[in-house]
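In what follows, chains are A, B, ... by sequence order, proteins preceding strands, each numbered from 1.
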There are 2 protein chains.
Amino acid sequence: MASSTRQTMITGAAALLARRGMSATSFSEVLAATGAPRGSLYHHFPGGKDELMAETTRYVGNRLLGALDLADPTTPAGVIGQFTALWRSVLTGSELEAGCAVAAVAVDAGPEQEQLVELAGSVFAEWRDALARRLERVGMSQERSRDLALLSLAAMEGALVVCRAQRSIEDFDRVAAMLVSLGGSGGGGGAAADAHG
Amino acid sequence: MASSTRQTMITGAAALLARRGMSATSFSEVLAATGAPRGSLYHHFPGGKDELMAETTRYVGNRLLGALDLADPTTPAGVIGQFTALWRSVLTGSELEAGCAVAAVAVDAGPEQEQLVELAGSVFAEWRDALARRLERVGMSQERSRDLALLSLAAMEGALVVCRAQRSIEDFDRVAAMLVSLGGSGGGGGAAADAHG
DNA sequence: GTCTATACGAAGATAGAC
DNA sequence: GTCTATCTTCGTATAGAC
């Protein structure tokens, strides 16, 4: 479990990032939110804030991949259903105040901080490819898997932004239903989502 | 055209917002980018930065609605093609460094600044409804129009974030093609996009 | 690994002159 | 409407002790 203080800062930063964006995720806020010790900040993150943001982006990226591995859907619709359910829980678990931490990094990072932008981009690519791989595994063609995975990622990221702003889950559910239905037709089966973690 | 200085600040803020997010869109940056006079800042925006952000959000919202009115697509696929082409030009016109200014507000605004969040949400709703209205006008059913408009908005917002981070237009084009194709099947005709402004 | 103290800069905001 | 201070707050970052 490595340094628990370090990990506390990272998970705290992830929560703040998803709720308030990158600039509001200051060291002070992270410390206040987590109770982590101030004195060890630059001991754990010699690279300063950019390093904390980078580690947090990586952590969030892997956390989603891990969550996907907790279930094993057997149909394309199930794969998409699990994916959308994961994001739905981010909204509902935060009173619709949180979104995607990686998107926050992508939106808030300027042309300087090129490394952060690139990192966010590679996390998005990982997510897209992981989804596509799972769709293929349950019988969808490679071509369609790539397409549906990409569309699902983009639509979810957008739906998070839109629904968070609207403080309503309605549009999110409609988008999710459409994506699931796209997985149901022409891929493998017509089953509904079989995972909701 | 009202106060030109005021408008200069708003359009400048819009550009910065789309490129670097809300917190990086400081007064200093807006002034530096536009050459607008510093002394008149709180004359034009007595409410401070939040007021500038709010005005900018409204402006960007109306600017897209106005751009949609510049063409008159005659098929669902044409409507979606025009919409995606508008967003594509945001990416290509900025070397893939700009995204959606309204999304930047939505992501960066904290639970305080509730008015800004609400405003961003209402702009998204306006865009969604404007798209749906146009789809209906060219013959798509009300139900399908609502769905496709919402999916297109969400997917475009997400694609902007993802592709900006990846510094590649490839995924954007694939998402746009899928959306257009969803408009082509079962709506009106099968025509390709007929607007690219 | 953790602490305190502090330097430094940037940003929002206000006051008062022109 | 515009200018020039100026105030205050906050955030990053460093130094050096424990």
If you compare every side-chain N and O of A/S40 against the phosphate oxygens of C/dG1 (OP1, OP2), does one of them come in below 4.0 Å? no

Can B/V117 be reached from B/L17 by stepping across I, L, V, M, F, W or Y side chains whose heavy atoms are under 4.5 Å apart? no

Can you check whether B/H43 has a side-chain N or O nearer than 4.0 Å to OP1 or OP2 of D/dG1? yes

A/L31 CG to C/dT2 C1', in whole Å, measures 12 Å

Would you mind checking if A/R133 and A/E136 are paired as a salt bridge, meaning a charged N to carboxylate O distance below 4.0 Å? no

Quick one: does any side-chain atom of B/R128 pair with a main-chain N or O of A/D171 as donor and acceptor, under 3.5 Å? no

Shortest non-hydrogen separation from B/G61 to B/W127 and the atoms involved: O-NE1, 3.0 Å

Under-4.0 Å side-chain N/O to phosphate OP1/OP2 contact, A/T5 with C/dT2: yes

Expected string for nucleotides 11-18 of chain C under the B/S/- scheme (protein heavy atoms, under 4.0 Å, primed atoms plus P, OP1, OP2 as sugar-phosphate) is SSBB----

Over how many whole Å does the gap from A/M22 atom CE to D/dG11 atom P extend? 15 Å

Which heavy atom of A/A109 sits nearest a heavy atom of B/R164, and at what distance? O-NH2, 3.9 Å

side-chain N/O B/H44 vs D/dT2 OP1/OP2, d < 4.0 Å: yes

Charged N-O contact under 4.0 Å between A/R20 and B/E112: yes

